[in-house]
Amino acid sequence: MGDLGWIFISTLLINNFVLAYFLGLCPFLGVSNKLEVSFRLGLATIFVMVVTALCAWFLNTYVLIHAPYLRLISFIVVIASVVQLIEMAIKKTSPTLFRALGIFLPLITTNCAILGLAIFATNKGYGLWEGLVYALGAGMGFTLAIVLMAGMRQEVEKVNAMPKLIRGFAFNLIISGILSMAFMGFAGLFSSS
Amino acid sequence: MTQKDPKLLIQPGPQLRQQMTTPVVMRDVWYALTPATLAGIWFFGLGAFLVLLACIAGAVLVEWYFAPEEKRGYFLGDGTAILTGWLLGLTLPPALPLWMAFLGGVVAVGIGKTIWGGMGANIFNPALVGRAFLLATFPIAMTTWTAPGDFFTIPSSLFALPLMTGVVDTVTQASPLGMMKFEHIDTPFIDLLFGNTSGSLGETSGLLLILGGIYLWWRRDLDWRIPVGIIGTAVIFSLILFMVDADRYPGPVFTVFSGGMLLGAIFMATDPVTSPLTRKGTWIFAIGIGLLVVLIRVFGGFPEGIMYAILLMNAATPLIDMYTQPRVFGRELDQNE
Amino acid sequence: MAKEQLAYDEFMKGLWRENPVFVQVLGLCPLLAVTNSAINGLAMGLASFFVLLGSSILVSLFKSYIPKQVRISCFIIIIATFVTVVDYTLAAALPVIHKELGAFIPLIVANCLILGRMEAFASRNTLRMSVADAFGMGAGFLFALVSLGAVREILGVGEIFGFALFGANFEPWVIMILPPGGFITLGVMLLYFNWLEEKKNKIDKQLATEDGVN
Amino acid sequence: MSEDKVEQAAVVADEPSPARLIGTLAIAGLVSGIIIIAIYLATFETIKENKARELREAVFRVLPNVSKMQKLLLKEGKLEVSYKEEKGEEPIYAGYDDNNKFMGYAIPSDGPGFADTISVLYGYRPSDRKVIGMWILASRETPGLGDKIYKDAAFVANFDDLAIEPPIVATKKGKSKPNEIDAITGATISSVAVAKIINKGNDYWVSRLPEPGAEPAYVEVETPPEAEDAQAQ
Amino acid sequence: MNLFRRLSNSFDHGVFPHHHKEQTEQLAIQRLPFGKRFVIPLGQHVGAPAKPIVQAGDAVKRGQMIAEPGGFVSVALHSPVTGRVTGVGSERYADGTFQEAIVIEADQYDAQQMEVHPIDWESLSIEAFISEMQKAGIVGLGGAAFPCHVKYAIPDGNKIRYLLINGAECEPYLTNDHRQMVEQTEALLYGAEIVRQKLGAEEIVIGVEKNKPDAIKALQDAIKPGQPIRVMPLEVKYPQGAEKMLIKSVFGVEVPAGKLPRDVEVAVNNVGTIIAIAEYFQTGKPLIERVVTVSGPGVSYPANLIVPLGTSIREVLDYAGGLTDETRQVVLGGPMMGDSIADLDAPMLKGSAGVLALTENETGRPQEYNCIRCGRCVEACPYFLNPARFARLAKARMFEEMAETYKVMDCVECGCCTYSCPSGIPIVQHIRTAKDHLRSMKGKVQ
Ligand SMILES: Cc1cc2nc3c(=O)[nH]c(=O)nc-3n(C[C@H](O)[C@H](O)[C@H](O)COP(=O)(O)O)c2cc1C
Ligand SMILES: Cc1cc2nc3c(=O)[nH]c(=O)nc-3n(C[C@H](O)[C@H](O)[C@H](O)COP(=O)(O)O)c2cc1C
Ligand SMILES: Cc1cc2nc3c(=O)[nH]c(=O)nc-3n(C[C@H](O)[C@H](O)[C@H](O)COP(=O)(O)O)c2cc1C
Ligand SMILES: Cc1cc2nc3c(=O)[nH]c(=O)nc-3n(C[C@H](O)[C@H](O)[C@H](O)CO)c2cc1C
Ligand code: SF4
Ligand code: SF4
Ligand code: SF4
Ligand code: SF4
Ligand code: FES
């Protein structure tokens, strides 16, 4: 496993942003009731994460070495503005793409998984390529988790034997817990061989 | 002719039903498990039996406690709680403190099944939810394997007080999988076949598990595609690795007969509730498990991967079902209208 | 007097009746990520509390000068400022804890709870009420963090704030400090709150009908 | 309450000009910038000291009998004393005793562990090509299992006198060769990972280090140069 | 697997209930003696009810038309006996509902003979042929009672190449088609030839399940060399007789959803229907009686009977020795598709192929358990639907999803799913609920 490969597998499966780091729980718990929507949200997240990785790399390389204290504020402001610009561009150039992904973009921008990605990538000292692979792994890991979750929730919705008391957030957290437990199976992947 | 009108029953059709019922299916699984269980108890002694009982007690207690009062008989009558506890017990180390086994049974049925709305509504295999919970909770106790020993010696670790550590006083021994993964030591095939190795009590005797599987298949309680798919995939995958580097990777025979592979493939992946409904889905499910098992065993951090493989594919089952809807008679596959 | 009462009400609302975590289910990410011990929960709770309080005060003070169109951006800038302050202060004063909480301090910025309170409360209410609200919500969040952290620490290592509870032979429930334990513990705690709520509603209903009869 | 309503109405009523919007943001940004810079300056020294202390403690831990250290960077194939962090270069640290005698290098290295990346700092003595100490800088290994790689003194002691050739291996059968360490029971993966991480560090560094005896000498520095600012963030 | 299926002449999925035909398959068809009171419901076929043309007090002859078609999709009704009309009014039906019917009292002293009036079918145009069929009141005797003339009114652009005769008789217990194939072989072949020529079909295929070897042999022996007729033995499997399954088994073609057999150039008719057509053109006898199997463990003397339509079910059962004490349920039709009946005094209809008396053994229902997703129903459904999904969705009242994603409207209610469910879930009932709901919603939208 090359370094890039391991970064990818590790963020996709072992250190899944949602299931191991608790990042992006809002969309994960809030938007995972419909499979179709979840999948598109996942795609939009991958996209924003890649953009974020680019921004973070740019800021780290050219701005923050001079003014480290601006890290947090500049991440937020730059990521939000770039996503906004892209959103406007998509709206103009491809209305279909906008309908598919665009509506999610503002929703994602204020989310901790995005900011977390930028901060973690910085803390780990990732360069451009590593950062991009990291973003891809994190985004796809998020998509995987939310799509599995949505599939299960759609199924569970149809069970009318389920006590009313249990439905809702509490139950979704417990499903997430079991899913997170299942993902523990990936721990140590490619580290010992 | 004296004609008294018998009281006629009105019921919707079809009037005929085949004879199999769900409780009978579950009891069939009990019967199929019995030989392997007895062998496990024979090898590991009475202590193993106590562990099994503790699991079943935990499982049944939760089932009973959360069942609506008037439906308790009905809830317990389907036999799934006992089965869940039983299967969980078969996957545990024989020297596990009883309170942990009991807790496993409670979690298996409580979080694995009851919360979801009871039998048939769960997405994850309850016994494996219980086991995954125990493994993540007590990783050391859950990976302390004892060698098969004297029948009447009960490890004192069983009787550890609740919340307290059990000190294993019997001979501990790495399981065949552990030896393979960390020391690349093979175990003789004959030992694997008859179960005379360390491990959990149901994971050991390959031969009796296969017999149980054949019985279930003969009773039409089990979809042969799942065990065949899992084992076939695992054999192919491990054969390829074996041919690449025979010193590093275990061969297909070891892959199939070691650890929980057979128990998982025959009795756990086949849990109808948590496996796909459709034929095509069943194949995808089985192949997915086969790949994941070998992936986790060979490249992952755990010597055994069958439990995680099944749980992960359980999570994907709703999606698999959704996308493998059979083509409706007289329609094109993608005909939406 | 009336004002005192109202402010007190706001406070209690946040702490209990409309607890941001157990009732409104907000701010879950920081909540779950750092609560593998009570002390971490406490530190994170205090940090969030400080950010919430500071931002509430500023927003409430300047609300009439901030145009509607840019209010969210202003809130974020204000919040991010306070978070940076907390981040540096912790790093200087309590480096051990800062290391534990690691990257999650900056993520307070993205905590919906804080931005939500700015938008829903501080930007529309007087300074006094906003402070009461921030105290309530902050305390409620703190309460949730500490109780979740305490449960996970008690079972997960057999300690509370680092003091051993069960003696040397305790078998820790490792899962509690691992991610699945976080999900499941919070799930079970939410269930418990739902159940309490339901029970209360039942009793209320019963009382209401009894009143009606009388 | 009533005054609130009046205020709200006022906010709704006025339609601000773009200039006002930008102005507000600019002011907010300015104020925020000032606060941030103020807190940065106020905490800068302490944070820098904290970090330096942490680093010093780690280095002294992996290099026994060392009382002074300095940072070294590889420049054009040569190790040079450095005060500032330069992009893309991993520093190593040289440790000296009271008499400014060179004792060994502290080398950071990292790699995949059971849960996440493990960062290791280990002491290396080039004179007899041995690892002489190991400390975990960061890891997310499982509490009670994988965390024994730094909590279990017996495991850490494995690295007090460890040959690096042939490459270090973790064994479960009791160590019998100078390049072997005892794996932690129940945490074999983490143990193996630490061994591999050190091997990885050695692979990179051993060939790049100067001949034994040619190590950079300790340089007394009274006041660190300004450039070190950047390192503290 | 598909190749295997092709070679064995069958369709995919389906179930294998024990066929229980041994009780009656060797018993020659007997005539049920005429009873006293006959009840002829006006709406016993698919389509509009017939319009009575007699009044209380009118004398009628056996075979005389007593009601004329109420529209194109409707047929005439005839008196099964010589006697007197006692009234036209509401009568109780087998399922307990009340319907308009003509009641006729048989003339005790009449010999109930009919004059023979052969009809020259060869000279009839297709239109005239169709109107003859309507006049003769002939409907499908395979169960659905669909008017034959409607089936034969082929729209322009469609063309029939094969006449497929349905001798599958896949319902357990029933042997009426079987006996007719053995005993009335000539009439069957004659009727088939009439229909073939009138529809301009090239070939006749008779599909018979392999558990009726004597019928297969009788047919093969009777076919003269050079006749365009072929007998096709079929796998014994339910619902082999469902026409789309039969077409799949015989021709290997799937009739597209929502289409009819004629869209794949096939016309399907039941054995009994074809014999009724033959008899009409040979003797002028309209559809006033049919062959019925009386069977099941609840009757003492099972039999295959020619039953004049309108006879009460009780009379049929009495002839077979009455119900035993163990009888729990009486079913009109086969045990899979048939309905259990509330009132033994209800009349036999054109669509009633059997009267079955079942005991606890057959009718006992397992307690209902939650679906264990065993997939048996999915493996059983010959239409490749997902019955388990239907049951779960119907319970959650998600009917739209049932229709849109899972095509509940394609279900023909064959019962395979309920039959095979170990959890005792009445899936078909859930499906009916959903269909009713969907139809009423559709009605509201329009
Ligand atoms: C372990 C096992 C493996 C089997 N493998 C196959 C196989 O690969 N192909 C096959 O057609 N039948 C196989 N069978 C026999 C099937 O059970 C049998 O063909 C099947 O029940 C036919 O029904 P179906 O319509 O469900 O396929 C196997 C049976 C067992 C017990
Ligand atoms: C919840 C859980 C956490 C674990 N964490 C670690 C870990 O952090 N490091 C490690 O090396 N092994 C860990 N393991 C154990 C490994 O999976 C593997 O079993 C072990 O490394 C094998 O060592 P042994 O052969 O000495 O038992 C963990 C296991 C479980 C169930
Ligand atoms: C599930 C099912 C089973 C059927 N079984 C038979 C059967 O065994 N024999 C038969 O003649 N018709 C059977 N039918 C009716 C046929 O589909 C078809 O309607 C009939 O053969 C057409 O001929 P008819 O119009 O002459 O009745 C069945 C229908 C269904 C839906
Ligand atoms: C073939 C077969 C395998 C089963 N395997 C399991 C199992 O692995 N774990 C379990 O908890 N229940 C098992 N059950 C019982 C039951 O299906 C299960 O408890 C349900 O998941 C409860 O809803 C099995 C049942 C059958 C028929
Ligand atoms: S701040 Fe981040 S971690 Fe927290 S809830 Fe939001 S997205 Fe999740
Ligand atoms: S808005 Fe953000 S902080 Fe709040 S719950 Fe959602 S993801 Fe977590
Ligand atoms: S046969 Fe019954 S239990 Fe089995 S999947 Fe179908 S509905 Fe469920
Ligand atoms: S679902 Fe209904 S119509 Fe379809 S095969 Fe089963 S019983 Fe017949
Ligand atoms: S057609 Fe198979 S279930 Fe209805």
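Of all heavy-atom pairs spanning D:L21 and C:P67, the tightest one is CD2-CB, 3.4 Å. Closest heavy-atom contact between D:I47 and C:A91: CD1-CB, 3.7 Å. Considering every non-hydrogen atom in both D:R20 and C:S64, the closest pair reads NH2-O, 4.3 Å. When all heavy atoms of C:A92 and D:T46 are compared, the closest pair comes out as O-CG2, 3.6 Å.
Around CZ of C:F166, the count of heavy atoms belonging to other residues, nucleotides or ligands within 6.0 Å exceeds 12. For C:D9, the CG atom is densely surrounded, since the number of other residues' heavy atoms within 6.0 Å is greater than 12. For C:F193, the CZ atom is densely surrounded, since the number of other residues' heavy atoms within 6.0 Å is greater than 12. By the 6.0 Å contact criterion, OH on C:Y65 is open, its count of non-hydrogen atoms from other residues, nucleotides or ligands being 12 or less.
Between atom CD1 of residue C:I77 and atom CD1 of residue D:I27 there is a gap of 11.5 Å, rounded to the nearest 0.5 Å. Between the CG atom in D:L41 and the OH atom in C:Y88 there is a gap of 10.0 Å [rounded to 0.5 Å]. Atom-to-atom distance recorded for C:K99:NZ and D:L137:CG is 6.5 Å, nearest 0.5 angstrom. From C:L58, atom CG reaches atom OG of D:S32 across 10.5 Å, with rounding to the nearest 0.5 Å. Rounded to the nearest 0.5 angstrom, C:I66 CD1 and D:L25 CG are separated by 9.5 Å.
Side chains of C:T84 and D:I35 form no contact here, defined as non-hydrogen atoms less than 4.5 Å apart.
Of all residues spanning residues 167-180 of chain C, those with a heavy atom less than 4.5 Å away from chain D's heavy atoms are C:V174, C:I177, C:L178, arranged by number.
With a 4.5 Å cut-off on non-hydrogen atoms, D:E54 touches chain C through its side chain but not through its backbone.
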